[in-house]
Visitor: 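Have a look at this one before I ask anything.
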Amino acid sequence: MKVTGPARPPSRRDRIRRTMSPGPVPVPPVVSLVLLVFSYLPILGNVIAFQDYNPYLGDNPLQAFANSNWIGFGQFQLLFEDSAFWDALRNTLAITAFQLVFFFPLPIFLAIMLHNLLSSRWRGFVQTVVYLPHFFSWVLVVSFFVAMLGGAGLLAQTMRDAGMQPWNVMTNPDTFIILVTAEAVWKDVGWGTIVFLAALSTIDTSLYEAAAADGAGRWRRLWHITLPGLRPVIVLLLILRLGDALSVGFEQFLLQRDAVGRQAAEVLDTFVYHFSIATGNYGYGAAAGLFKAAIGLGLILAANRVAHLLGERGIYSK
């Protein structure tokens, strides 16, 4: 019989491996609970859009809801008669359209450049540089642009030293749409390449080799292989962007609203804050939010229908 010595105590590596081994972690129930609490239950609050809601009519929100008067579509009537609402809606749609043309394609071009034109060493460095601004807050981003383009910023000082009149960039309402788009590009264009880089990695490299063997140049391979491979992802993200068309941001516009004026910087999100939350007229803000959600849903359904007509799956299929 083989005699063995005392059992050797587990090493540190064994203890770490045992600790890190996969186990029955209840991730789906936790995710479902988070979605229920933070996404689905707040939908019930849209009911106050049809009330003259007063939070002081009870000791808790439920009593205030029960004691508030129902006014039907009265809040929507006031909303549609408010010229400030139409100004905010017009600014929101203009900024969305402008960014769809001048911002949405940029992550695609940057992803193609990183994937095809740079070596792996330079690709990692450039990705780190362009990803970093995404983690900056809008306060820091706006402060950076003020330091560069403001009246006392680097550009203005340089132009004064050269004997030129400095440009009015940060306080000019006529160019505000270009300014906020430039801020969004600097902050998020790198982060937007992640999905497209993942899609590019799934394209079969043998297709490029076969096309190169047939004499196709770089641009023909881009047009006939790369872009068709990215088309499903582009269509999906475009549909999602259209569904979120009336949500162009809040903090970015709130920080710059006083500098350029309400007529240029007021969007729906800041409109709800200034004309509802700040004044305590919560039913009015709920009506504006419900209107925005209904328009977003309609845009998603319409864009998904167009995607089906073009032969793409979209966000859902029949």
Visitor: Answer yes or no: is there a side-chain heavy-atom contact under 4.5 Å between Asp269 and Val248?
Guide: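 Asp269 vs Val248: side chains apart.
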
Visitor: Taking the inter-plane angle between the rings of Phe80 and Phe76 on a 0 to 90° scale, is it parallel (under 30°), tilted (30 to 60°) or perpendicular (over 60°)?
Guide: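 Geometry flag for Phe76 against Phe80: tilted rings.
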
Visitor: Verify, without hydrogens or angle tests, whether Ser276 (side chain) and Tyr284 (backbone) share a donor-acceptor contact under 3.5 angstrom.
Guide: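 Looks like no, no N/O pair under 3.5 Å.
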
Visitor: Report whether Trp138 and Phe144 are members of the same hydrophobic cluster (ILVMFWY, side-chain heavy atoms less than 4.5 Å apart, transitive linking).
Guide: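 Yes, Trp138 and Phe144 fall within the same hydrophobic cluster.
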
Visitor: Using the rule given for side chain to side chain contact (heavy atoms under 4.5 Å, CB included), can you reason through Leu110 versus Met113, listing the C-alpha separation, both sets of side-chain angles and the distance that settles it, and then say yes or no?
Guide: CA-CA 5 Å; Leu110 181 58; Met113 184 190 72; 3.4 Å; yes

Visitor: Would the number of heavy atoms belonging to other residues, nucleotides or ligands and lying under 6.0 Å from CZ of Phe136 be above 12?
Guide: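 Counting other residues, nucleotides and ligands, CZ of Phe136 exceeds 12 neighbours.
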
Visitor: So Gln252 and Gln256, do their side chains get closer than 4.5 Å, heavy atoms only?
Guide: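 Side-chain contact under 4.5 Å: yes.
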
Visitor: Please report the shortest heavy-atom distance between Ala286 and Ile48, naming the atom on each side.
Guide: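 Minimum heavy-atom contact is CB-CG1, 3.6 Å.
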
Visitor: If we ignore hydrogens and angles and just use 3.5 Å, is the side chain of Asp82 paired with the main-chain N or O of Leu78 as donor and acceptor?
Guide: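 No; zero donor-acceptor contacts below 3.5 Å.
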
Visitor: Is any side-chain heavy atom of Arg160 less than 4.5 Å from a side-chain heavy atom of Met164?
Guide: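 No, every pair of side-chain atoms sits at 4.5 Å or beyond.
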
Visitor: Identify the heavy atoms of Pro133 and Val129 that sit nearest to each other, and give their distance.
Guide: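 Nearest heavy atoms, Pro133 then Val129: CD-O, 3.3 Å.
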
Visitor: Ignoring hydrogens and geometry, is there a side-chain-to-backbone donor-acceptor pair from His274 to Thr270 under 3.5 Å?
Guide: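 Checked: pair present.
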
Visitor: In terms of hydrophobic clusters joined by side-chain contacts under 4.5 Å, are Leu179 and Val101 together?
Guide: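 Cluster IDs for Leu179 and Val101 match.
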
Visitor: Assign the ring pair Tyr273 / Phe250 to parallel, tilted or perpendicular, where the plane angle (0 to 90°) is split at 30° and 60°.
Guide: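 Perpendicular.
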
Visitor: Indicate yes or no for a side-chain donor-acceptor contact from Thr193 to the backbone of Gly190 under 3.5 Å, with no hydrogens or angles considered.
Guide: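 Pair found, side chain donor or acceptor close to backbone of Gly190.
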
Visitor: Would you say the side chain of Thr92 lies within less than 4.5 Å of the side chain of Phe271, judging by non-hydrogen atoms?
Guide: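 No, every pair of side-chain atoms sits at 4.5 Å or beyond.
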
Visitor: Nearest 0.5 Å, please: how far is CG in Leu299 from CZ in Arg241?
Guide: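 These two atoms lie 10.5 Å from each other.
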
Visitor: Do you know the tightest heavy-atom contact between Phe104 and Ile234?
Guide: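 The pair with the smallest heavy-atom distance is CZ-O, 3.9 Å.
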
Visitor: Would you compute the distance between atom CH2 of Trp70 and atom OH of Tyr53 and round it to the nearest 0.5 angstrom?
Guide: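 Reported value, rounded in 0.5 Å steps: 12.0 Å.
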
Visitor: Could you tell me if Ser206 and Asp204 have a donor-acceptor pair between their side chains, going purely by distance under 3.5 Å?
Guide: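 Looking only at side-chain atoms, Ser206 and Asp204 do form a donor-acceptor pair, the distance falling under 3.5 Å.
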
Visitor: Are Phe145 and Val139 connected in the hydrophobic side-chain network, where two residues link if heavy atoms are under 4.5 Å apart?
Guide: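 Yes, same cluster.
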
Visitor: Ignoring hydrogens and geometry, is there a side-chain-to-backbone donor-acceptor pair from Arg257 to Arg262 under 3.5 Å?
Guide: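 Answer holds: no.
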
Visitor: What about Val141 and Leu106, same hydrophobic cluster or not, with Ile/Leu/Val/Met/Phe/Trp/Tyr joined at side-chain heavy-atom distances under 4.5 Å?
Guide: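 The answer is no; the residues belong to distinct hydrophobic clusters.
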
Visitor: Specify the closest pair of heavy atoms between Ile225 and Leu207, including all atoms of both residues, with the distance to one decimal.
Guide: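 Of all heavy-atom pairs spanning Ile225 and Leu207, the closest is CD1-O, 3.4 Å.
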
Visitor: Drop me the distance from Gln75's CD to Leu290's CG, to the nearest 0.5 angstrom.
Guide: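 Answer rounded to 0.5 Å: 11.5 Å.
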
Visitor: Would you please say whether a donor-acceptor pair under 3.5 Å links the side chains of Thr158 and Asp161?
Guide: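 Thr158 vs Asp161: no donor-acceptor pair found between side chains.
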
Visitor: I need the minimum non-hydrogen distance between Ala288 and Leu79, along with the two atoms involved.
Guide: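 Closest pair (atom of Ala288, atom of Leu79, distance): CA-CD2, 3.7 Å.
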
Visitor: Within a strict 4.5 Å, meaning less than it, do heavy atoms of the Leu89 and Leu246 side chains meet?
Guide: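 Of all side-chain heavy-atom pairs linking Leu246 with Leu89, at least one is under 4.5 Å.
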
Visitor: Given Leu230 and Ile108, is the side chain to side chain contact (heavy atoms under 4.5 Å, CB included) satisfied, shown in steps?
Guide: CA-CA 9 Å; Leu230 288 177; Ile108 304 173; 4.1 Å; yes

Visitor: Considering only heavy atoms from C-beta outward, does the side chain of Phe98 approach that of Ile178 to under 4.5 Å?
Guide: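 Yes; the side chains approach each other to less than 4.5 Å.
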
Visitor: If you round to the nearest 0.5 Å, how far is OG of Ser68 from CG of Asn54?
Guide: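 Rounded to the nearest 0.5 Å, the CG-OG separation comes to 6.0 Å.
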
Visitor: Is it the case that the side chain of Asn67 and the backbone of Gly58 share a donor-acceptor pair, with hydrogens and angles ignored and the cut-off at 3.5 Å?
Guide: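 It does not hold such a pair.
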
Visitor: Is it the case that over 12 heavy atoms from other parts of the model lie below 6.0 angstrom from the CZ atom of Phe109?
Guide: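 No - once you tally the heavy atoms of other residues, nucleotides and ligands closer than 6.0 Å, there are 12 at most.
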
Visitor: Please find the pair of heavy atoms, one from Ala94 and one from Ile177, that lie closest to each other, and give the distance.
Guide: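 In terms of heavy atoms, the two residues are closest at O-CD1, 3.6 Å.
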
Visitor: When rounded to the nearest 0.5 angstrom, what distance separates CG in Asn91 from OG1 in Thr96?
Guide: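 Those atoms lie 10.5 Å apart.
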
Visitor: Heavy-atom count around Asp59 CG within 6.0 Å, excluding the residue itself: above 12?
Guide: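 Atom CG in Asp59 is not packed in, count stays at 12 or less.
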
Visitor: Do we see a donor-acceptor contact under 3.5 Å between the side chains of Tyr208 and Thr226?
Guide: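 Thr226 and Tyr208 do have a side-chain donor-acceptor pair below 3.5 Å.
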
Visitor: Say you draw a straight line from CG of Leu238 to CG of Asn304; how long is it, rounded to the nearest 0.5 Å?
Guide: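 Taking CG in Leu238 and CG in Asn304, the distance rounds to 11.5 Å.
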
Visitor: Tell me, with the steps shown, if Tyr131 and Ile194 meet side chain to side chain contact (heavy atoms under 4.5 Å, CB included).
Guide: CA-CA 9 Å; Tyr131 288 173; Ile194 293 178; 3.6 Å; yes

Visitor: For a 4.5 angstrom cut-off between non-hydrogen side-chain atoms, does Ile71 reach Phe50?
Guide: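 Of all side-chain heavy-atom pairs linking Phe50 with Ile71, none is under 4.5 Å.
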
Visitor: Apply side chain to side chain contact (heavy atoms under 4.5 Å, CB included) to residues Phe253 and Ile95 and explain how you reach the verdict.
Guide: CA-CA 11 Å; Phe253 296 89; Ile95 292 171; 3.4 Å; yes

Visitor: Check whether any side-chain heavy atom of Val130 sits under 4.5 Å from a side-chain heavy atom of Val189, and report yes or no.
Guide: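 Not touching, per the 4.5 Å side-chain cut-off.
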
Visitor: Could you state whether Leu240 and Leu297 fall into the same hydrophobic cluster, counting links through intermediate Ile, Leu, Val, Met, Phe, Trp or Tyr residues with side-chain heavy atoms under 4.5 angstrom apart?
Guide: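 Yes; tracing contacts between hydrophobic side chains, which count when under 4.5 Å, links both residues.
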
